[in-house]
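Below is one structure, written out as structure tokens; the observations come after it.
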Amino acid sequence: VVGVAPSPRPPDGFLTVRCINRFNSSVGMTYTIGQISGFFPFVLNSTTGSFSVTQDLVYATQPRSYNFSVWCYDNLSPNLSSNASVTISAVEVDKYAPVFTPTYIFLTVNETTPVGTVLASTRRDVGAFKVYNATDMDVGPQGVLNYSLYYPD
């Protein structure tokens, strides 16, 4: 099982399968992909067993998992074969940085303000001093925003 980030496109040879003739390791091998159906954005080098991506993966609109078999045949006569099940999963990546509106936040706090007083909020239903908004164009877990205060040294 291999996880692949859709963007940027994985490099050629991001996955390589290997078969070895345990009696004669110098024997060449030929690799093939078993039956596949539907969209399949990968190609297998039949000599090296390396996979490459043939087009950009789009996490939101394409399958997120590809299950198939890889067969290898030794180059002897008669040739012998073996196979393995492979799963390649496209995993979502964080593409967009969150954006604050406004981008500069300046608050003045009276020294007698009670501890625990809400000074600013990202929620409109809180009776806050001022409301700020942050958005992230990513979807799913990558689009969830977490807030914290940073205290520079």
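FYI, the numbering just counts along the sequence from 1.
Residues W71 and S81 come closest through the heavy atom pair CZ3-OG, 3.9 Å. Between Y66 and P41 the shortest heavy-atom distance is CE2-CD, 3.5 Å. Counting all heavy atoms, side chain and backbone alike, P114 lies closest to T117 at O-OG1, 2.7 Å.
Aromatic ring centres of F40 and F42 lie closer together than 6.0 Å.
How far CE of M29 is from CG of N79: 10.0 Å, rounded to the nearest 0.5 Å. For the atom pair CD (Q35) and OG (S69), the distance works out to 10.0 Å, reported to the nearest 0.5 Å. Summarising the geometry, atom OG belonging to S26 is positioned 11.5 Å from atom CD1 belonging to I20; distances are rounded to the nearest 0.5 Å.
Counting heavy atoms from C-beta outward, L15 and I88 have side chains that approach closer than 4.5 Å. Considering only heavy atoms from C-beta on, L44 stays 4.5 Å or farther from F68 through its side chain. Residues I33 and F51 meet the side-chain proximity criterion, which asks for heavy atoms closer than 4.5 Å. By the 4.5 Å heavy-atom criterion applied to side chains, N21 and L80 are not counted as neighbours.
Residues I36 and F39 fall within the same hydrophobic cluster, defined by Ile, Leu, Val, Met, Phe, Trp and Tyr side chains chained together at heavy-atom separations under 4.5 Å.
A donor-acceptor pair is defined here as one N or O able to donate and one able to accept, closer than 3.5 Å; such a pair exists between the side chain of Y31 and the backbone of C19.
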Derivation of the side chain to side chain donor-acceptor pair (under 3.5 Å) call for N75 and T30:
CA-CA 7 Å; N75 295 332; T30 300; 2.9 Å; yes
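Residues T87 and N67 bring a donor and an acceptor atom of their side chains to less than 3.5 Å of each other.
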